[in-house]
Asker: 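Below is a structure I'd like to ask you about.
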Amino acid sequence: MHLRPESLPTMVFDWGSIKWLVSPRHIDGAKSTLGEVVINPGRGHERHSHPTADEVLYVIDGAGRQMVNDEEPFPIKAGDAVHIPAGVPHSTMNDTWQTLRLIVTYTPGGEEAALEQAPGYRLIAPGSVPDWVPGPG
């Protein structure tokens, strides 16, 4: 199956956006989830966990800080990968002036549904461009 990002909706939050390219929610029989995450400069997502899925982050572009298992956050940059086991708390922060772009996977897939309960969640239509308002600072 060939998927084009412009044909899929985008999840938007106050910290950035996510476009799920592969998901059991829209591909019958898919066993995993894969998406691109954009974290805006000076923003990040809150500490959370995925009770039933491992998560893998691969940094495509930019830099930031990653916290895993409530340990001291460590720097991440383009080319780095991070494995987060199921149930382990984590958060990602872009503490730079540039956009941080990640590829994210969940195994097994489906954990992305929980993000619909996150603060500030909006779903925008395919082909639409998310707006972003810089935070204070």
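The shown structure was predicted, so the numbers you read here are calculated from the model rather than taken from an experiment.
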Asker: Under a 4.5 Å cut-off applied to non-hydrogen side-chain atoms, are D70 and P89 in contact?
Answerer: yes

Asker: Do R4 and H2 have side-chain heavy atoms sitting under 4.5 Å apart?
Answerer: yes

Asker: Under 4.5 Å between side-chain heavy atoms, counting indirect links through other Ile/Leu/Val/Met/Phe/Trp/Tyr residues: same cluster for V37 and L123 or not?
Answerer: yes

Asker: Please step through side chain to side chain contact (heavy atoms under 4.5 Å, CB included) for the pair D131 and R122, ending with a clear verdict.
Answerer: CA-CA 11 Å; D131 57 349; R122 293 183 296 132; 2.9 Å; yes

Asker: Looking only at non-hydrogen atoms, find the nearest pair between S91 and H45 and report the distance.
Answerer: CB-O, 3.3 Å

Asker: Which atom names give the shortest non-hydrogen contact between F13 and L115, and what distance separates them?
Answerer: CE2-O, 3.6 Å

Asker: Would a distance-only check, ignoring hydrogens and angles, find a side-chain to backbone donor-acceptor pair under 3.5 Å from S23 to T33?
Answerer: no

Asker: Just wondering, do N40 and N94 contact through their side chains at under 4.5 Å, heavy atoms?
Answerer: no

Asker: Would Y121 and W20 show up in the same hydrophobic cluster when neighbours are defined by side-chain heavy atoms closer than 4.5 Å?
Answerer: yes

Asker: On a heavy-atom basis, which atom in T99 and which in P41 lie closest, and how many Å separate them?
Answerer: N-CG, 4.1 Å

Asker: To the nearest 0.5 Å, how far apart are OG1 in T107 and CG in D54?
Answerer: 6.5 Å

Asker: Please answer: with hydrophobic residues joined when any side-chain heavy atoms are less than 4.5 Å apart, are I103 and V82 in the same cluster?
Answerer: no

Asker: Please tell me whether V38 and V12 are part of a single hydrophobic cluster in this structure, the criterion being side-chain heavy atoms less than 4.5 Å apart.
Answerer: no

Asker: Should V68 and I76 be regarded as members of a common hydrophobic cluster, given that ILVMFWY residues are connected when their side-chain heavy atoms come within less than 4.5 Å of each other, either directly or indirectly?
Answerer: yes

Asker: Given side chain to side chain contact (heavy atoms under 4.5 Å, CB included), test I27 with L3 step by step and report yes or no.
Answerer: CA-CA 10 Å; I27 299 175; L3 301 160; 3.5 Å; yes

Asker: Is any side-chain heavy atom of P9 less than 4.5 Å from a side-chain heavy atom of M11?
Answerer: no

Asker: Given side chains that start at C-beta, do those of P119 and D14 come closer than 4.5 Å, heavy atoms only?
Answerer: no

Asker: Mind checking whether T92 and L100 have side chains closer than 4.5 Å, heavy atoms only?
Answerer: yes

Asker: What heavy-atom pair brings K77 and V59 nearest, and what distance separates the two atoms?
Answerer: O-CB, 3.2 Å

Asker: What about H50 and Y106, are their ring centers closer than 6.0 Å?
Answerer: yes

Asker: What heavy-atom pair brings H26 and L21 nearest, and what distance separates the two atoms?
Answerer: NE2-O, 3.3 Å

Asker: So which heavy atom on A78 is nearest to which on D61, and how close?
Answerer: CB-CA, 4.1 Å

Asker: Report the distance from atom CD1 of I84 to atom CG of L57, rounding to the nearest 0.5 Å.
Answerer: 4.0 Å

Asker: Looking at Q66, E55, R47, E71, which hits side-chain hydrogen bond (donor to acceptor under 3.5 Å, both in side chains) with H90?
Answerer: E55

Asker: Answer yes or no: is there a side-chain heavy-atom contact under 4.5 Å between F74 and D80?
Answerer: no

Asker: Kindly indicate, with the supporting measurements, whether the criterion side chain to side chain contact (heavy atoms under 4.5 Å, CB included) is fulfilled by E112 and I18.
Answerer: CA-CA 10 Å; E112 65 279 7; I18 306 173; over 6 Å; no

